[in-house]
Amino acid sequence: MDTPLSTIAVVGLGTMGTGIAEVLARAGREVVGIDISEAAARRAVDALAASTARSVARERLTEEQRREVLARFRTFTELRAAADADLVIEVVPESYEVKQEVFRALDGIVRPDAIVATGTNALSVTRLAAESARPERVLGMHFFNPAPAMKLVEVVSSVLTSPAAVAAVTDLAHALGKEPVAVGDRPGFVADGLLFGYLNQAAAMYESKYASREDIDAAMRLGCGLPMGPLALLDLIGVDTARTVLDAMYAESRDRLHAPAPILRQLSEAGLTGRKSGRGFYTYESPGSSVVVRDAATPLEGGPVAAPARKVRSVGVAGSGTMASGIAEVFAKAGYAVVLAARSPEKAEAAKGRIAGSLTRSVAKGRLSAQDAEAVLARISPAGSLDAFAEVDLAVEAVAEDLAVKRELFATLDKVCKPGAVLATTTSSLPVVACARATSRPQDVIGMHFFNPAPAMKLVEVVRTVLTSDEVHATVREVTARIRKHPVDCGDRAGFIVNALLFPYLNNAIKMVEEHYASLDDIDAAMKLGGGYPMGPFELLDVVGLDVSLAIERVLHREFRDPGLAPAPLLEHLVAAGCLGRKTGRGFREYARR
């Protein structure tokens, strides 16, 4: 099957088909666009004309090059136009019946050596290939939307696919300037297989009224650096499309994480499919618009009417590690007097020294003046005992993630801190109420989950227990705004928002490697290129620390009792072997020792 794939037919000229046709035509391929709708074909031609005109205006194409691109794209309404194609890419609706009808028709039209690729992201490539007259030439070629911009192409092989066909399509993807990753045939493949489980959990989290849609989306954007929050992304993809993908994934995996959240069915059946219909999780200006407008679920400006906040002038930070130093720096930059308490004066001085180093780097980068840095450092008073917290208005602990240690610390804060002081824990996985119950004033205890590095990360998860007072909640939200962080409200359950959505996704990525479905590198590339993630899952795991990740996975599994949340054995084995990530020089990958 030695073919240059110079003439390529694209069957289905919706948004994805039109985008693929543009990529091919710009790369010098002769493109035969086929759609039963003449209107769809006209829209595809108009879209390419508009896109190339913008490129000329931006001096990325000459007018002559634009004419050549447009001349390479011809449209038809009959499948027989694909007769001379070297490759056919179908991107018709996600339905076995529709796709099988196209495949059966193509059997009698295309050349025996032509390759037929399906653009499905949810259906079985093997099932489609098995019903073809020449299954060895059938594979998956999964582009991502918008196809001209997104670099990832998943090349999907079935057990029937010829290696020559895979090689030809892989070479084509490289020639198009894309990054192909080789994957096997299972619903969702790599990128969507990981992405849609995460989106489903976010939908279920919203449905349970654990957090607002705005807070869920803000938490994942600001806490993980994602380009979009999960609920906004579901609206962009299409709620009905997401439900179809999840149904296919659940049919194969029987993993409850893939069982579509009931709200996806409810929205789909009501016709509230997202941006394309004008309403989904959010409401939009009009069908197809990206502009969100207010609706009944939109929070009031400035948030709900809250209880009066307590005055906070001074802050105590307990701990001497990276997180404690970062939090102390954040409060001092916002103008608060900060007491930084550690187990000894030497540790407290070392933590202040770490802050001094951070401020020096900020001055060198022009983010802070030397005078301001000096003023920030002067606001921080190191102390070797929690007794120094006697007059603080807010005490924030950032000590080891060990419940016994934290409970002991809160019992001490209860004795040391003045009446009315707010007591906050930065725990990421332990129950806040357990810390509160170690005191005689549980109504004054709340969670303030900062993200590392605290000076750079904008998110703070504000975690209320059933005992936290409205006044304390209002105080912490006000303080969070003053330190220029974005507060999101959530209840006191394992993982809060970010970790409850992030770590099952990371765990599923590990399971893909365990099952030899895809390589570390291909999975990381798929999520960065196909999902817009700043880091691939294995890069992130090694940065976070495999021991930390395992501890969070165990807490989530213990709290939610879901078999799908059980930590992947490979993660447990690596931790047992002392391979904890970058900090030990080896995790999922090996790192040079510093």
Side-chain angles (χ1 to χ4, degrees), residues 121-122 142 152 154 156 181 183-205 220 223-224 226 230 233-234 237 242 245-261 264 429 494-495 497-544 546 548-575 581 587-588:
N121 67 341
H142 180 212
L152 180 67
E154 291 177 319
V156 189
V181 298
V183 298
D185 181 24
R186 67 188 232 182
F189 312 128
V190 170
D192 286 352
L194 293 176
L195 176 66
F196 278 89
Y198 150 70
L199 296 178
N200 191 42
Q201 286 182 283
M205 179 181 280
M220 298 313 292
C224 295
L226 300 181
L233 183 54
L234 279 164
I237 292 167
V245 174
L246 285 163
D247 272 332
M249 291 172 65
Y250 181 68
E252 179 166 313
S253 72
R254 294 297 167 184
D255 186 333
R256 280 165 47 194
L257 296 177
H258 301 151
L264 299 178
S429 60
I497 296 175
V498 173
N499 286 348
L501 295 178
L502 175 64
F503 279 89
Y505 148 77
L506 296 174
N507 201 42
N508 284 339
I510 301 169
K511 291 176 183 177
M512 279 189 175
V513 170
E514 283 182 335
E515 295 164 5
H516 305 288
Y517 176 65
S519 70
L520 299 179
D521 291 341
D522 279 351
I523 293 172
D524 275 355
M527 297 316 297
K528 287 191 291 184
L529 299 173
Y533 283 57
M535 300 178 80
F538 297 100
E539 290 177 279
L540 182 56
L541 282 158
D542 279 352
V543 168
V544 170
L546 272 57
V548 174
S549 302
L550 178 59
I552 294 172
E553 290 287 358
R554 284 173 170 165
V555 168
L556 291 172
H557 185 221
R558 187 165 60 245
E559 173 119 335
F560 295 107
R561 310 293 178 91
D562 188 330
L565 294 175
L570 178 57
L571 179 61
E572 296 192 333
H573 294 163
L574 286 169
V575 171
F588 283 97

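Between Arg256 and Pro563, the shortest heavy-atom distance links the atoms NH1-CD, 3.7 Å. Nearest approach of Ala494 to Val555, heavy atoms of both residues: CB-CG1, 3.6 Å. For the pair Lys528 and Gly536, the tightest heavy-atom approach, listed with the atom from each and the gap, is CG-N, 3.6 Å. His258 and Gly197 get closest at one heavy-atom pair: CD2-CA, 4.2 Å. Listed here is the closest heavy atom pair of Ala203 and Leu234: CB-CD1, 4.2 Å. Of all non-hydrogen atoms in Ala202 and Leu501, the two that sit nearest each other are N-CD2, 3.6 Å.
Residues Glu553 and Glu572 have side chains not in contact (no heavy-atom distance under 4.5 Å, counting atoms from C-beta outward). In this structure, Asp255 and Tyr250 have side chains that are not in contact, with every pair of non-hydrogen atoms separated by 4.5 Å or more. Proximity of Val183 to His142: side-chain heavy atoms (C-beta onward) are nowhere separated by under 4.5 Å. Residues Asn507 and Leu565 fail the side-chain proximity criterion, which asks for heavy atoms closer than 4.5 Å. Considering only heavy atoms from C-beta on, Arg186 comes within 4.5 Å of Glu515 through its side chain. Within the 4.5 Å cutoff, no side-chain heavy atoms of Asp522 are placed close to those of Val190. Within the 4.5 Å cutoff, side-chain heavy atoms of Phe503 are placed close to those of Val544. Here the side chains of Met527 and Glu539 are not in contact, with every heavy-atom distance at 4.5 Å or above.
Between the OG atom of Ser253 and the CG atom of Asn508 there is a distance of 9.0 Å, given to the nearest 0.5 Å. Taken from CG in Leu571 to CG in Leu541, the straight-line distance is 7.0 Å, to the nearest 0.5 Å. Rounded to the nearest 0.5 Å, atoms CE (Met512) and CG (Leu570) are 14.5 Å apart. To the nearest 0.5 Å, atom CG of residue Leu226 and atom CG of residue Leu233 are 9.0 Å apart. For the atom pair CD (Gln201) and CG (Leu257), the distance works out to 5.0 Å, reported to the nearest 0.5 Å.
Here the options are Leu556, Leu550, Ile510, the test is side chain to side chain contact (heavy atoms under 4.5 Å, CB included), and the partner is Pro567; only Leu550 passes.
The aromatic rings of Tyr505 and Tyr198 lie tilted to each other, with the angle between the two planes from 30° to 60°.
Remark: the backbone N or O of Ala259 is paired with a side-chain donor or acceptor of Asn200 at under 3.5 angstrom. Judged purely by atom type and a 3.5 angstrom limit, Asp524 uses its side chain to pair as donor or acceptor with the backbone of Phe538.
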Verdict with reasoning, Ile237 to Phe196, per side-chain contact (heavy atoms from CB on, under 4.5 Å): CA-CA 10 Å; Ile237 292 167; Phe196 278 89; 4.0 Å; yes
side-chain contact (heavy atoms from CB on, under 4.5 Å) assessment of Val498 paired with Cys224: CA-CA 8 Å; Val498 173; Cys224 295; 3.7 Å; yes
From CA spacing to verdict: side-chain contact (heavy atoms from CB on, under 4.5 Å), Phe189, Val181: CA-CA 10 Å; Phe189 312 128; Val181 298; over 6 Å; no
Test log, rule side-chain contact (heavy atoms from CB on, under 4.5 Å), inputs Leu540 and Leu502: CA-CA 10 Å; Leu540 182 56; Leu502 175 64; 3.9 Å; yes
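Scored by the side chain to side chain donor-acceptor pair (under 3.5 Å) test, Asp247 finds no partners at all (sequence neighbours excluded).
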